[in-house]
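Working notes, structure below.
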Amino acid sequence: MIIPKLTDFSEASLDQYFGALHEEARQSIEDQGFDKESFRLDWLGRKQGKLKQISDALLKSAPPEAKRLIGQRFNALKEQIEIWLAVEHLLDGDSAKHLDVTLPGAGRRVGAEHPLVKTMAEIVGVFQRMGYSVGLGPEVETDFYNFEALNFPPNHPARDTQDTLVVAGQEGRPLRERLLMRTHTSPVQIRSMLEQAPPLRLVIPGKVHRNDAADATHSPVFHQVEGLCVDTNITFSDLKGTLDHAMKAFFGSAVKTRFFPSFFPFTEPSADVQISCIFCGGKGCRKCKQSGWIELLGCGMVDPAVFEAVNQRRLEMGREPVYDTRRISGFAFGMGVDRIAMMKYGISDIGLLYSGDMRFLEQFA
Ligand code: PHE
């Protein structure tokens, strides 16, 4: 190796000199035929290594006042070469040559619960503390569980493909076996009653699908929490008391509830439940359209026709028809999680919940 002689020991001259050495070392790493061991010997070898020769030559000829400046640059170069070797060792591949270890590290982001998952877990928690267990069911359902057993008449509008996303190529099957994306979590009521005998207290969170055009308040995919309570002597008062307590536990003890007559094929009587507006306390504001109330869920007493359908299917499965409508009764309810999460967190566009936008999601960390 020829060591160029230095006559000028100014900082600028030293920077240029070491800069060139730095570049030379980097180039040989990027060389096609780069060999780690010969590179190491070439630069760091104790006797014949470039660094040894350079330091010998430079320090011999340099004036005493330049020695510190040389030493600093010499150490930096040596350190860089060692780092390159270490990285090359770690990665042992192409990327090492392009890795700039002086760049700031890639920060690790800490994960956070999605606002929907969080809201769903909180609602489920309220019912678990009342002794409910968690039930789950499939998102791809059959017409039987999603509609037939829930007492939907054959031409009910909800059965229409306008609302229901159906799985293609099912036309050859009997209607009850055709696959579809569940439009609500209620089919899990049926699945649960086929598996278990009363008494039953279940809370069922899950994803549901409807063929709705997406806008600020609609999404073809959304979430529900379903409830089912079946035992002897279950009355509408139990339903009212349970939901009133649940709403107070979730939104705060100042919240009031009120029940309006409604209709669902699988409950009779049915009701829609409103809570006093959580924004204005019931005085009337833009959020509640000046009414003081916000509609939150559907509910009702399990229709005997549902128990009959369960019993019949249980018989077909070789199980006892234990849902005796003369002895047992029950209530069910279902609520939309997305709307509740949007209210709770002040989210104005449901699409944000499904956008996967980190800037949105980070706010819930
Ligand atoms: N499944 C109904 C819906 O999606 C809600 C509901 C559940 C109503 C249980 C009554 C009882 O609209």
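Read the numbers this way: they start at 1 and go in the same order the structure lists the ligands and their atoms. From a predicted model like this one, the values you see are computed outputs, not experimental measurements. For the single chain, residues carry numbers from 1 onward in sequence order.
Using a 30° and 60° split on the angle between ring planes, F263 and H156 fall in the parallel class, below 30°. Using cut-offs of 30° and 60° for the angle between ring planes, the F147 and H184 rings count as tilted. Between F364 and F360, the ring planes are perpendicular. Angles over 60° get that label, and only those under 30° would be called parallel.
Using a 4.0 Å cut-off between a side-chain N of Lys or Arg and a carboxylate O of Asp or Glu, R359 and D357 qualify as a salt bridge. Salt-bridge formation is not detected for the pair D231/R201: no Lys NZ or Arg NE/NH1/NH2 atom is positioned less than 4.0 Å from an Asp or Glu carboxylate oxygen.
The side-chain contact (heavy atoms from CB on, under 4.5 Å) check on L44 picks up R40, L51, K78, I81, E82, L85, with sequence neighbours excluded.
Contact shell of ligand 1 (protein heavy atoms, cutoff 4.0 Å): H184, S186, Q189, R210, Q224, E226, F264, F266, T267, G298, C299, A332, F333, G334.
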